Student: 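I have a structure I would like to understand better, so I am pasting it below and will then ask my questions one at a time.
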Amino acid sequence: MDYQVQLNNGQAITLKNAEFNVEAFTTTLNEQKINFVNIGGAIINKHIIVSVLPTNAMETQSND
């Protein structure tokens with residue numbers, strides 16, 4: 001599935017054919033001891049992530 005990660009600095013990271021465990025990723029984001037996450041090979045400070053959305057959902061929202 002393809003995802004787009006929106007960052008609070010206005011940048012977006014597009015992940016093509018990304019497969020990851022959503023529950024494990026959510027747990028990682030909520031873990032206070034962890035500051036950085038690996039997203040598509042990029043190490044990102046988790047505090048700048050605004051949203052992670054499937055691109056199919058974003059296309060549906062823009063067509064509404």
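Only heavy atoms go into these numbers, but all of them, side chains included; no hydrogens, no water, no symmetry mates. None of the values given here were measured: they were computed from a predicted structure.
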Student: Linking Ile, Leu, Val, Met, Phe, Trp and Tyr by side-chain heavy atoms under 4.5 Å, what else ends up with F36?
Tutor: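 Direct or chained contacts put F36 with I43.
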Student: Once rounded to the nearest 0.5 Å, what's the spacing between atom CD1 of I48 and atom CD of Q6?
Tutor: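 Taking CD1 in I48 and CD in Q6, the distance rounds to 11.5 Å.
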Student: List the residues meeting side chain to side chain contact (heavy atoms under 4.5 Å, CB included) with D2, not counting sequence neighbours, and say none if there are none.
Tutor: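 For D2, the residues satisfying side chain to side chain contact (heavy atoms under 4.5 Å, CB included) (neighbours in sequence not counted) are K16, N17, T55.
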Student: Please tabulate, for the side chains in residues 25-35, all donor-acceptor contacts under 3.5 angstrom to protein atoms that are two or more places apart in sequence or on a different chain.
Tutor:
{"unit_1": "T26", "atom_1": "OG1", "unit_2": "V22", "atom_2": "O", "d": "2.9"}
{"unit_1": "T27", "atom_1": "OG1", "unit_2": "E23", "atom_2": "O", "d": "2.9"}
{"unit_1": "T28", "atom_1": "OG1", "unit_2": "A24", "atom_2": "O", "d": "2.9"}
{"unit_1": "N30", "atom_1": "ND2", "unit_2": "T26", "atom_2": "O", "d": "3.2"}

Student: Is any side-chain heavy atom of I49 less than 4.5 Å from a side-chain heavy atom of N8?
Tutor: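 The answer is no, as the side chains (C-beta and beyond) never meet within the 4.5 Å cut-off.
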Student: Do K46 and V37 touch side chain to side chain, with heavy atoms closer than 4.5 Å?
Tutor: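 K46 reaches V37 side chain to side chain.
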Student: Can you give me the closest heavy-atom contact between M1 and E19, atom names plus distance?
Tutor: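 For M1 and E19, the tightest heavy-atom pair comes out as N-OE2, 3.4 Å.
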Student: Evaluate side chain to side chain contact (heavy atoms under 4.5 Å, CB included) for L7 paired with V50, printing each intermediate quantity in order.
Tutor: CA-CA 5 Å; L7 306 179; V50 175; 5.7 Å; no
